[in-house]
Amino acid sequence: MKTQRFEPSLFEKHIQELWEKENVYQTTPKVDQNSKAYVLVMFPYPSGYGLHTGHARIYTGTDVLARFYRMQGKAVLHPMGWDAFGLPAENAAIKAHKNPQDIVPGNITNFKNQFRLLGMSYDWSKEINTTDPKYYAVTQYLFLQFYKHGLLYKKDTPVFYCPFCKTGLAQEEVMGDGTHERCGNVVEKRNLPQWMFRITEYADSLLEGLKGLDWPTGILEMQKNWIGRKEGIDITYNIEGMSETVTCFTTRPDTNFGATFVVIAPEHPLVSTLDKPDVKEYVETVLAKTERERLSDGKKKTGVFTGLYAINKLNGRRMPIWISDFVLMNVGTGAVVGVPGNDKRDFEFAQAMGMPVVRVVVGSNGDTSDITRLQQVQEETGTMINSEFLDGKDIHEATNVMMDHLEAKGWGKRTVSYHVRDWIFSRQRYWGEPIPMVYCKACAGQKISYWDCDIAKDDDLRLDKGLKNKTFNAMVKEIKDTMYGWFPVLAAELPLELPYLESYEPTETGESPLVQANEWVDTTCPVCKGPARRETDTMPNWAGSCWYFLAFSIAEELGKQAPEELLAKACQQSWMPVDWYIGGAEHAVLHLLYARFWMHILNDLGSVTFREPFTRLRNVGMVLAADGRKMSKSWGNVINPDDIIHEYGTDALRVYEMFMAPFSQEIAWSTQTLQGAYRFIRRIWHIYHDSAKITKDPSQEAKKLISELQRTIKKISTDTPDVKFNTSIASAMEFLNLWEEPGAALSQAHAKDFLKLLAPYAPFITDYLWREVLGEGNSIHLASWPNVDQSALIKTDSELPVQVNGKVRDRIMIFPEALQEEALAKALDSAKIQAWIAGKNYTTVYVKGKILNFVIEEVK
RNA sequence: GCCCGGGUGGCGAAAUGGUAGACGCGCAACACUUAAAAUGUUGUGACCGUAAGGUCAUGUCGGUUCGAGUCCGACCCUGGGCACCA
């Protein structure tokens, strides 16, 4: 195929066929850790709508990196797979009145075709699909490993519940405005039995691991804040006339001389010991409120007095104990000590209930008057007063002194509190991995747990190992008595396949639709061989993506070997960790936290050799529609990549999306700017077809142009791995502008170098010109990246700005390495400069190749 | 309220403390064309000036520096995250 006419649709199709025929993008074997590049984009769930041009941006950027490293001679793993379980797929299937099992394969085919059109250099022999039983056999195996090591337990618990999706949710899946992350509906709270994943045990580990990661600071901060580690102290107060005590967590014990009351959560255990009608009424009202109602009540303080008093041993003060819904049972100890002078929320409560305020801190403004206004409440800085042995100390020093004091007296104990909660790991939905657990009522009645049975003996348990301060044995002990009768499915029975159901819609009862599949649910207890029931909840859509990055290198082995052998093999091949992980920032505390958590556990269990799966993370900015809104079917503003490719070609689309703005930044679609990229691609086409521009006679090459080419090679070689795709392309455009100047010509070798620089960005046209015009036999994408030819970098006289008092007044042509005297002499020749400095005293500042500045001395 | 980003021409944006606005879009004039589109050439921050040139200009106000979009301090606006978190 050879043509002079510029028709991207023709040559792109031709080149795509060659790539497939020649198997250009097959993964080459990894040699060692230094010469591999694992370039991974967060894999998509294949929706029925296909990809829009916004999605194209992230895949293109990742593909540019993969192509760049491939040409740099690295062994590159650049795979693609399908995260096909989960709510979006299921909700779409319900709408279409079909079973997701029947819909997903067609969607995958569509996605694959679109990825081909977009010129992605995936090695399709590594394709994986989380809904493939061969794949989820491993997901289930991992679940069981975690269960067996005491990391999962089932418990009746208040959970966020999406009434639209009819399922419980993890804390991370609820957005700041109280809506479900997937469907946007407002969530409720319900009490449901849920599988809980003990991520809190890994809070410190996950925090620690962040330190070595090359991730955007924003994402690191979000994870850090989400984990929310806070050091404080649990102070235990005696209650007047009772044997019970109340323990309050605080990070600010320094202010404890100013404590005037105690508030406990409505769910606090102490509440059940009370028999006051007003208390009962208050607690009932509060507990009846939905999450939404509590939010809409704003921050108005309500509460009820218990009639009890806690005694502050520091000063003997009787502190009334109140109940209020602003104290949350799942934060700290579910009880707080009220210090209205130093906490705005406590101040508001004290005002509402008419309780006294004591000043114990003087802030930077020196105000020592009584605290009567919210503005006087000091939280951040200050010096202690009215606090006996703390008086005069800075609050931070006082905090430590007080903690020592309380611990020495035995009144308190230092402790650490976290924001992160245990991960709700079950969903009452059909389209997910079945949780491979069996419940036997008879065994539960006899208090038999998995760890007591023979089935555990055959399992590879590493209970003596563990995380920093705890063995898995200790973990198991903590949950064992809640897990009587719950047994793992035997390894030989994996995968436990999801049954095909005619009717799989979510139910109103808080139970999974799998409950109806009697044949599937009824099973035999692996321990007593009596009748037992399978767990009917499924795993959340995050499960499959918690280990998928391990799966690509063993994709062809899935189903052929046992899960533990597969994992071992994946580790031996050791493409891990992922060198480049590209994805949207919306996964900051979801997938990116969960996947890290799983790997930390597997590392502790000795199953994987690394702890952090993603060495380097880069975010991509969203592509909005031209109207500045999100691309969405309902707005009717979606740009379909197929249409764009048909009209302008893939290369133009890719170059446009990489060029328009920094990769991590949000952009709005602009067909006009796309046309600029299209023109650039067409100019490339024409210049490589112009015999006057590519000369056989090297003497016709201008040294200046060759030197500029070297600068371009340098720029693109450093900007590309820096994810500065926009400036890479800009510098290529600059060079093309120079090359297009009349009389400028390149040798074939240099023309090839320039083409290679464009190859990662515009893979089709470059490979076409490489083969058809420059006569190369193998794909440009397997060619080696050009090196900067230092000898061709020439330094000629160039412009040096000359300033007077920091303002540019003239420019002189001078050799960049010139000495100060030469530069000065030349600058003094300038009439313009003379006009500015004539008759004045001056000193000069000279920076080679940068600036010459005359500094006029002030005349007094 | 707390924690991160970000404010630069008509627009998307460049700029290791050293010529602010590279590159692209748009716009204008010209060339080609019967004409239009496409393509090419030239110009294009604002203001004053025929010009040479000058003044102003990177959210605001200060500071450091020979020199600040870049560093420091305070503030304003804006995007995102968290939040009755003790």
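Throughout, protein chains are lettered first and strands after them, A, B, ... in sequence-line order, and every chain is numbered starting at 1. The model shown is predicted, which means the values in this text are computed figures rather than measured ones.
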Distance-only donor-acceptor check, side chains A:Asn256 and A:Arg317, under 3.5 Å: no
Measure the spacing between CG of A:Leu736 and NZ of A:Lys693 and express it to the nearest 0.5 Å. 9.0 Å
Could you work out the separation of B:U58 and B:U70 based on their C1' atoms and round it to a whole Å? 10 Å
Roughly how far apart, to the nearest Å, are B:U64 and B:G17 at atom C1'? 12 Å
Classify A:Glu348 by what it touches in the nucleic acid, base, sugar-phosphate, or nothing, heavy-atom distance under 4.0 Å. nothing
I'd like to know if A:Lys301 reaches the base of B:C84 with its side chain, counting only an N/O donor and acceptor under 3.5 Å. yes
Just checking A:Val845: base, sugar-phosphate only, or nothing, at a heavy-atom cut-off of under 4.0 Å? base
Could you measure between the two C1' atoms, the one in B:G45 and the one in B:A13, and give it in whole Å? 14 Å
Between B:U60 and B:U8, how far apart are the P atoms? Round to whole Å, please. 10 Å
Spell out yes or no: do the side chain of A:Arg252 and the base of B:A86 have one donor N/O and one acceptor N/O closer than 3.5 Å? no
Length of the line joining A:His419:NE2 and B:C2:P, which is rounded to integer Å: 17 Å
Would you call A:Arg57 and A:Glu657 a salt bridge, taking side-chain N to carboxylate O under 4.0 Å as the test? no
